Number of protein chains: 2
Amino acid sequence: MTQTRKTSFQDVRDAVIRRIQDQEWPQGSLLPTELELAEEFGCARATVNRALRELAERGIIDRKRKSGTRVCVAPVKQAKFEIAVTRHTVEETNAQYRYSLVDRKQLEAPEWLRARLGLGGVQPALHLRSMHYADNQPFQYEDRWIMLDTVPDAETENFEIIAPGEWLVSRVPFSDAEIVFSACAADETLGRFLGTPTGTPLFQVERTTWFQGQPVTYVRLTFQPGYSMSTRY
Amino acid sequence: MTQTRKTSFQDVRDAVIRRIQDQEWPQGSLLPTELELAEEFGCARATVNRALRELAERGIIDRKRKSGTRVCVAPVKQAKFEIAVTRHTVEETNAQYRYSLVDRKQLEAPEWLRARLGLGGVQPALHLRSMHYADNQPFQYEDRWIMLDTVPDAETENFEIIAPGEWLVSRVPFSDAEIVFSACAADETLGRFLGTPTGTPLFQVERTTWFQGQPVTYVRLTFQPGYSMSTRY
DNA sequence: CAGTGGTCTAGACCACGGT
DNA sequence: CCGTGGTCTAGACCACTGG
């Protein structure tokens, strides 16, 4: 059964991709207009538009009114990482997850934290340090500050059972965030909790989060030695 | 002048975001159908559809036929990193870029590389090692393998002027890739080229690239000490 | 089976930005 | 000015999937 289905936006998108790969439309060259493509593919202009819009979002083509659509010369690769709560990251590897609170203190936000959040003045904050284990092996050390002016409920939560990350996502629907990936050396504390010698190179993620313009939390997640994050695109 | 413009998909999108943030539609709850929202906002269903589709792509809502649209319970954050060629990364910081080839050898692809690329048998490859400098300070050490069966032109290119990354993006329109972020310790070679003691923790990116199913290149980019990658979402 | 999202259409008007 | 993409509409049919 060779079905003669209606041309979908995916057909158009894939055909365009193929032509770019085959250098039929080389880098920097101008594509036909939406109307011309719609005629060629026998579909509505809206269908072509959706296909091309998707490719533009992926950084493959560049669209401008009046000038038209061009193939990007130096396509900027976009790598998308999915950041889940630590429990899910661990359980996805079929390992048993365990969480343990190390320390909980209510303090004033230190100078460096206020600077990072763009705040002046005195700010009450909760400082939490905790460990995440996979199959009882150290997986991740978490050092977190929660801003109590933004999330006052945190003051009465002891965080002995539920990890602060999970507690927060259940309270704060979603938020703006800045995320930083880097390498650091294990200091004495990290070495002790992650079971590795001082000086071991470790992968770390820092995340700063705002909700409706208010600072929610800053967290530094340091992973077990050898950990890596990967993705495809 | 309070313009009474037509409701756009962005208006709908932002209104939905606001209602989720305000917990008017709590996590896990069911949203009205597209038709109901279209009536409420006084627009076409297609407009609502586009707004909600965008939120679904961002992982904020979950859509299923027949069951409807729900607010995600544990929104998986998506961090999108833009990966450009090293020259652009350097020049964006207003630093002067310099590239220098360290070593170029034509070899058979070693066992570990063939395994990573999912290849058996003998495969000719080009092994390139090079340095990228920002304002004459070591910025990044690059260790790259190019598969000559896929990119035969590389055999006659000496790579003394143009960096292999830039040369490749001008040849291979775009491609599938796997990218891995991790931390490593400077070995003797890295320490020498990056001007840092052996053992220094370094941030590194590995990327493996295919074009139309054929392996193009594997590269390991190791950054100067203290380097980090960041993004917002 | 029937409700809900997924998509396509044909047409219209708008908005940006070269010429 | 006017060509090109950007978006909206009203309607239609399709496809998945829960009941």
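Quantities reported herein were computed from a predicted structural model and do not represent experimental measurements. Every chain is numbered from 1, with letters handed out A, B, ... down the list of sequences. Computed from heavy atoms alone, side chains included, the values below leave out hydrogens, waters and symmetry copies.
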Colleague: Send over the distance from B:Asp62 CG to D:dG18 C1', rounded to a whole Å.
Modeller: 15 Å
Colleague: Applying ring pair (Phe, Tyr, Trp, His ring centres under 6.0 Å), which residue pairs with at least one partner in residues 34-90 of chain A are found, sequence neighbours left out?
Modeller: A:Phe81-A:Phe181, A:Phe81-B:Phe81, A:Phe81-B:Phe181
Colleague: Is B:Arg45 side chain donor-acceptor paired with the C:dT7 base, going by distance under 3.5 Å alone?
Modeller: yes
Colleague: Ignoring hydrogens and angles, does a donor from either the side chain of B:Arg50 or the base of D:dG6 sit under 3.5 Å from an acceptor on the other?
Modeller: no
Colleague: Judged by each residue's nearest nucleotide on DNA chain C, which is more toward the 5′ side, A:Lys64 or A:Phe9?
Modeller: A:Phe9
Colleague: Please report, rounded to the nearest Å, how far the P atom of C:dT9 is from the CG atom of A:Asn49.
Modeller: 13 Å
Colleague: Does the side chain of A:Ser8 get closer than 4.0 angstrom to OP1 or OP2 of C:dC8 through an N or O atom?
Modeller: yes
Colleague: What is the separation between atom CD on A:Glu54 and atom C1' on D:dG5, rounded to the nearest whole Å?
Modeller: 17 Å
Colleague: Rounded to whole angstrom units, what separation is found between the CZ atom of A:Arg63 and the P atom of D:dG3?
Modeller: 18 Å
Colleague: For a ring-ring contact (aromatic ring centres under 6.0 Å, His included) with B:Tyr218, tell me which candidate from B:Trp210, B:Trp112, B:Trp145 qualifies.
Modeller: B:Trp112
Colleague: Given C:dG5, D:dT9, D:dT7, which nucleotide is nearest the side-chain atoms of B:Glu34?
Modeller: C:dG5
Colleague: Before you tell me yes or no, could you show the steps for A:Glu34 and A:Arg63 under salt bridge (Lys or Arg N to Asp or Glu O under 4.0 Å), namely the whole-Å CA-CA distance, both residues' side-chain angles and the distance that decides it to 0.1 Å?
Modeller: CA-CA 11 Å; A:Glu34 293 190 345; A:Arg63 320 196 71 197; 2.7 Å; yes
Colleague: Does A:Thr47 make a side-chain N or O approach to OP1 or OP2 of C:dT7 shorter than 4.0 Å?
Modeller: no
Colleague: Ignoring backbone atoms, establish whether B:Ser67 has a side-chain N or O less than 4.0 Å from OP1 or OP2 of C:dG3.
Modeller: no
Colleague: Write down the distance between NZ (B:Lys66) and P (D:dG19), rounded to a whole number of angstrom.
Modeller: 7 Å
Colleague: In whole angstroms, how far is the P atom of C:dT7 from the CZ atom of B:Arg65?
Modeller: 7 Å
Colleague: Could you give the CD-to-P distance, from A:Gln10 to D:dC14, as a whole number of Å?
Modeller: 17 Å
Colleague: Does the distance from a Lys or Arg side-chain N to an Asp or Glu carboxylate O, for A:Asp143 and A:Arg220, drop under 4.0 Å?
Modeller: yes
Colleague: Would you please say whether a donor-acceptor pair under 3.5 Å links the side chains of A:Arg144 and A:Thr217?
Modeller: yes
Colleague: Rounded to whole angstrom units, what separation is found between the CG atom of A:Leu52 and the P atom of C:dC8?
Modeller: 13 Å
Colleague: State whether B:Thr33 places a side-chain N or O below 4.0 Å from either non-bridging phosphate oxygen (OP1 or OP2) of C:dG3.
Modeller: no
